[in-house]
Amino acid sequence: MKKLINSPDDVVQESLRGMEAAHADILKVNYDPAYIVRADAPVKDKVGVISGGGSGHEPMHGGFVGRGMLDAACPGAVFTSPTPDQMEEATKAVSSGKGVLHIVKNYTGDVLNFETAADLCQAEGIEVEAVVVDDDVAVKDSLYTAGRRGVGTTVLMEKIVGAAAERGMSLKEVADLARKVNAQGRSMGMALTSCTVPSAGKPTFELGEGEIELGIGIHGEPGRERTSLKTARELVDYMGEAIFSDLPYKSGDDVIVMVNGMGGTPLIELYLLYAELERVAKARGITIKRRLVGNYITSLEMQGFSITALKCDNQMVQLWDDPVHTAGLRWGV
Amino acid sequence: MKKLINSPDDVVQESLRGMEAAHADILKVNYDPAYIVRADAPVKDKVGVISGGGSGHEPMHGGFVGRGMLDAACPGAVFTSPTPDQMEEATKAVSSGKGVLHIVKNYTGDVLNFETAADLCQAEGIEVEAVVVDDDVAVKDSLYTAGRRGVGTTVLMEKIVGAAAERGMSLKEVADLARKVNAQGRSMGMALTSCTVPSAGKPTFELGEGEIELGIGIHGEPGRERTSLKTARELVDYMGEAIFSDLPYKSGDDVIVMVNGMGGTPLIELYLLYAELERVAKARGITIKRRLVGNYITSLEMQGFSITALKCDNQMVQLWDDPVHTAGLRWGV
Amino acid sequence: MITLSQILAWITQLDTVYTENKAYLTELDSAIGDADHGINMARGFSAARKAMEETPPADIGAALKAVSMTLIKTVGGASGPLYGTVFLKASVTCMGQESIDEEGLERLLSEGFRGVQQRGKAQVGDKTMIDAWDPAVTALKEARASGGDVAAMLQAATAAAEAGRDATVPLVARKGRASYLGERSKGHQDPGATSTALLFAAARDTLS
Amino acid sequence: MITLSQILAWITQLDTVYTENKAYLTELDSAIGDADHGINMARGFSAARKAMEETPPADIGAALKAVSMTLIKTVGGASGPLYGTVFLKASVTCMGQESIDEEGLERLLSEGFRGVQQRGKAQVGDKTMIDAWDPAVTALKEARASGGDVAAMLQAATAAAEAGRDATVPLVARKGRASYLGERSKGHQDPGATSTALLFAAARDTLS
Ligand SMILES: Nc1ncnc2c1ncn2[C@@H]1O[C@H](COP(=O)(O)OP(=O)(O)O)[C@@H](O)[C@H]1O
Ligand SMILES: Nc1ncnc2c1ncn2[C@@H]1O[C@H](COP(=O)(O)OP(=O)(O)O)[C@@H](O)[C@H]1O
Ligand SMILES: [Mg+2]
Ligand SMILES: [Mg+2]
Ligand SMILES: [Mg+2]
Ligand SMILES: [Mg+2]
């Protein structure tokens, strides 16, 4: 395993130290329990918005803490949901009396730990609403399974819902908006290479020179299907079809999209993929109103990408354009 | 070779299409000859600032085109200097009569091609000054060699000099400032893995599981030295020493630094490295006034990082803080 | 009769066992999960062991409660709350007790099982730790019903847990992270069922 | 006598040769450069050949000038301006001429060489294409001085260029990208000296 680290056990903590040192104007870090919180938290008269999940997805979530987005983020061990004590303390740290929204990605661990945290917070008189993101069209959903994974829509939700909270909306309004974003957002990902969990010391899976994994999540887990290498055009055709036909999106719809690298994908490729996505959207009569192209929700050093599309209305676009000042996203300030 | 592309020959052009589509509010792309130019170019009464170089270093340079930074960028083939016709047309496109600055990285190809372009422009009555960046301390310099490579300082220079031009400074002032930034900036890089030039189809060099290259440039070329894997702490100690003792930087100096990923390095590692750099700077009594942590000047999908330090004064810090609105850097707008 | 010091030996043994099997459990989790189950279990039980050493508990209930709290705070992921619930529900059955008999053991483990079942909402056949828990607790009850002592009960439970673990191999996962793989989860042994079988084997080796 | 159509055959042959040696030259450039020399040369000369076909030049000078302009516009890197200069300076020696003799050939190549030398400021021994150019032009002159015809001149030049190319192997680079490697550039053959040797061989095969 080749990584730019000191020891596998210290990666998360040492990376948090760097984040804190680099972004003192935006955020503070608490180490025990671990959470990243806005430098000016709690913000008076504002619904708190927090999220969390395993580390290894940077800039998500810590890179989205700041004005106009998250009030706090709880980083777990690499690819491992954080624990309820982190979420409880983070919730308290951002609570200003208007309630706190928990943005939870749909993984058994995340859901269970956030549930416990919500119980603990509610027992202490903090009103908590949890919204679960489950947008991954690669996962076949059913009553009897754990449902779909939460992936890229999380980033768009954190931006939009964070702006709504910043505008002073109530907990109920913010939570309803978050559910609407989840209902209208869809994602799919693929990998050219695996990644290596530092403590595991070797790649989670092995791919041959001509092989790719289609329908991966964000934890280095294998995808739904192993197949042969494809061109960017073929991949975006396939993934675009899977996403756009799932909601389904109709001709005339407006969307916010994200072409997201898995951490080891160079920007030159992401822009090339974005050009393909524009083509696919145009062919379906779908208008891309806003977009992100970059590494936003990653799996360590994995090479690959995901596409997220969010059917949007004017309000969502306005909230998207609202100022945001975080380590990972910044505009309007 | 596994890449998210259609065909090796079309990578640069297709990526430009995506960039143009994604950032229509910031930039326009001209395809023949290829250059990226501010959407509002030429800006009246402003020195034009352009740069260029091989593709594969994204977001540099195209991602730095926009208000407060570059007026235009000329992308060559992957890792190959662009040609004089690109530079000439880009210079004309941004010229508003106050002259144009060419920011050139010190590679034989870049220098020769920019020289030709400057001759062509001057023949057409456009005043051009060229500043050559040569900041790589890994290269032993001498009268008889090609000198040091231009690497990370280019990014800091483009920001600072771009702000100076935006403020209305004259060509001479802007060029002098650029030379000062170059004189006070130093960089060094290392690689955990090689990268693959799309048309070459295989990695430029091969590294064993326990090997790294120290003192690499930004073109996937081997470094000065192949050595064994080291911890983040050891690497930053070594590279920090090489950089800080080169200028030399003294106790009490202020610096702007960049911890830069080579394209395939995850952010979690870059923040960890930044924490180490803070430690090293502090131990030398050097104060980090501003910093960038991320993938800014890359070598395709290479895993590795570089450190850049720029000894700065108040004016440089103020120019650093000036508004910038590009695809790759954005604040204050 | 199971004493407090045996319970503490069990926790110590779990730390040892999960540390020894860290790479193995992580490898299983690589195939159908996210390559952290061994890391999670080792982190949790080494913290639990340390907690026992730092603040020696007064009774079995207190010990199990402390283990539960430690797991919940240090493991994360799915296994943190699930095993945390096991120990939490188990602790309620023996608060203030310095020793337990066969009936106490049955209550302790069946309450722990009921807890994880309710928490995770998985059924037998979903390819989770429940596939080891369910037959293990049934076998334990049967062993006691037919007059078995602690050793016999835990021997039967361990054998059943291991059989349940093996039976996960051909299944298609319907709960947890492996469920995202659909048909591709077939042919792999569930990491959580494996750690549960290890938990019973450690109990057999320390509580009998 | 070398005719315009032979010059065009030379350009065509260079396209063929650099396309055939694209991987080889790129491989050499991987060891001590940035893995693009073969790609650059092939791109440039395929464009040059196309330019000749699209706008057939009226004379040798015009042909070489068009090649120069095409190389400058399509190659980039160090080799674009360097080979571009070779053809530009060469073209000046034979503007308006439809054929050249031995003397014309010598002027053409030695002016091209002088151009690249001035442009790149490299000396013999710096491990660049100059290490092939310099002995090649010297040998060419000697061959003519001792009464050799075009064939003899280009045969001698090619042999000298190839020897110069081989002599780059042990050198430490002092110019171009390989110079950044310092001592590590030793033991590798210079890509540009290799493409220059190919340029002379192609001349020998088409102009003799
Ligand atoms: N709903 C559930 N009920 C019972 N056990 C479950 C459930 N979901 C997952 N598990 C168990 O958890 C194990 C995975 O644990 P672990 O890898 O530590 O957590 P994570 O999946 O969050 O990475 C699985 O092998 C499975 O046995
Ligand atoms: N100053 C110079 N003078 C003459 N030849 C040079 C000089 N610098 C570089 N070269 C030649 O250029 C070759 C590399 O060309 P190429 O790979 O196409 O360009 P780049 O180095 O820009 O990638 C080297 O092998 C060397 O022979
Ligand atoms: Mg996990
Ligand atoms: Mg090159
Ligand atoms: Mg797991
Ligand atoms: Mg080269």
Side-chain angles (χ1 to χ4, degrees), chain A residues 8-9 33 52-54 56 74-86 106-116 136 138-149 194-206 215-226 299, chain C residues 22-23 25-27 29-44 46-47 68-85 88 116 118-123 125-129 172-185 188 192:
Chain A
D9 290 341
C74 305
V78 171
F79 294 166
T80 302
S81 156
T83 53
D85 52 322
Q86 295 174 260
N106 189 35
Y107 301 95
T108 308
D110 294 66
V111 170
L112 293 179
N113 284 290
F114 266 106
E115 262 173 31
T116 306
D136 189 341
V139 176
K140 285 219 186 82
D141 199 4
S142 105
L143 258 181
Y144 309 103
T145 67
R148 286 177 161 175
R149 291 180 288 232
S194 179
C195 57
T196 298
V197 174
S199 308
K202 52 183 183 179
T204 305
F205 57 88
E206 296 282 358
I216 52 145
I218 53 170
H219 300 92
E221 60 271 63
R224 280 201 69 81
E225 194 188 337
R226 179 163 298 193
S299 298
Chain C
K22 185 167 151 176
L25 292 171
T26 298
E27 180 104 18
D29 198 29
S30 296
I32 54 171
D34 58 350
D36 64 358
H37 188 57
I39 302 163
N40 291 344
M41 296 303 285
R43 182 173 62 242
S46 103
S68 162
M69 290 300 132
T70 306
L71 293 181
I72 288 172
K73 276 197 180 187
T74 58
V75 178
S79 44
L82 292 174
Y83 280 112
T85 300
L88 186 66
V116 67
Q118 282 173 354
R119 196 74 209 270
K121 299 191 185 64
Q123 309 285 325
D126 285 352
K127 196 177 184 117
T128 69
M129 59 175 76
V172 172
R174 277 193 303 248
K175 280 285 184 305
R177 206 174 283 283
S179 68
Y180 306 134
L181 289 178
E183 289 290 318
R184 276 184 93 184
S185 61
H188 298 281

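Note on naming: letters A, B, ... go to the chains in the order of the sequence lines (proteins, then strands), and numbering restarts at 1 for each one.
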Is chain A contacted by the side chain of C:Thr74, its backbone, both, or neither, given a heavy-atom distance below 4.5 Å? backbone
Within a strict 4.5 Å, meaning less than it, do heavy atoms of the A:Lys202 and C:Glu27 side chains meet? yes
Within this structure, what is the CG-CG distance for the pair A:Asn113 and C:Leu82, rounded to the nearest 0.5 Å?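 Result: 9.0 Å between the selected atoms.
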So which part of C:Ala31 gets closer than 4.5 Å to some heavy atom of chain A, the side chain, the backbone, both or neither?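 Backbone only.
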Determine whether C:Ile39 and A:Val197 make a side-chain contact, defined as any pair of heavy atoms from C-beta on separated by less than 4.5 Å.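 With C-beta onward as the side chain, the pair touches.
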List the atom of C:Asp36, the atom of A:Phe79, and the distance in Å for their closest heavy-atom pair.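 That closest heavy-atom pairing would be OD2-O, 3.2 Å.
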Counting only heavy atoms closer than 4.5 Å, note whether A:Pro222 contacts chain C via side chain, backbone, both or neither.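 The answer is both parts of A:Pro222.
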Side chain, backbone, both or neither: which part of C:Ile72 has a non-hydrogen atom closer than 4.5 Å to chain A?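 Both the backbone and the side chain of C:Ile72 come within 4.5 Å of chain A.
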What part of A:Tyr144 gets closer than 4.5 Å to chain C, counting heavy atoms only: side chain, backbone, both or neither? both
Heavy-atom side-chain contact between A:Thr80 and C:Arg43 under 4.5 Å: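 Yes. Closest side-chain heavy atoms under 4.5 Å.
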Quick one: of C:Gly176, C:Gly84, C:Gly80, C:Gly182, who has the most non-hydrogen atom pairs under 4.5 Å with chain A?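 Option with the greatest count: C:Gly176.
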Which region of A:Ala200, side chain (C-beta onward) or backbone (N, CA, C, O), has a non-hydrogen atom less than 4.5 Å from a non-hydrogen atom of chain C, or is it both or neither? both
Main-chain N/O of A:Gly220 paired with C:Asp34 side-chain donor or acceptor, under 3.5 Å: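 Looks like no, no N/O pair under 3.5 Å.
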A:Thr204 and C:Gly33: which non-hydrogen atoms are nearest, and at how many Å?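 Looks like CG2-O, 4.4 Å.
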Relative to chain C, which of A:Glu115, A:Arg149, A:Glu221 shows the most heavy atom pairs under 4.5 Å?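 When all of A:Glu115, A:Arg149, A:Glu221 are compared, A:Arg149 has the most.
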Among C:Lys175, C:Arg177, C:Glu183, which residue forms the greatest number of heavy-atom pairs with chain A at distances under 4.5 Å? C:Arg177
Please confirm whether the backbone N or O of A:Leu112 pairs with a side-chain atom of C:Arg119, one donor and one acceptor, at under 3.5 Å?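 At least one qualifying donor-acceptor pair exists.
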So which of A:Asp85, A:Thr108, A:Val78 has the largest heavy-atom pair count under 4.5 angstrom toward chain C?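 Heavy-atom pair counts peak at A:Asp85.
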Proximal component of A:Arg148, with respect to chain C [non-hydrogen, under 4.5 Å]: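 For A:Arg148, backbone heavy atoms alone lie under 4.5 Å from chain C.
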Heavy-atom cut-off 4.5 Å, strictly under: side chain, backbone, both or neither for A:Gln86 against chain C?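 For A:Gln86, there is no contact with chain C at all, as no heavy atom is under 4.5 Å.
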Are the side chain of C:Arg184 and the backbone N or O of A:Gly223 linked by a donor-acceptor pair below 3.5 Å?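 Judged by distance alone, yes, a pair lies under 3.5 Å.
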Heavy-atom pair with the smallest gap, counting every atom of C:Gly76 and A:Thr83: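 Shortest heavy-atom separation between C:Gly76 and A:Thr83 comes out as N-CG2, 3.4 Å.
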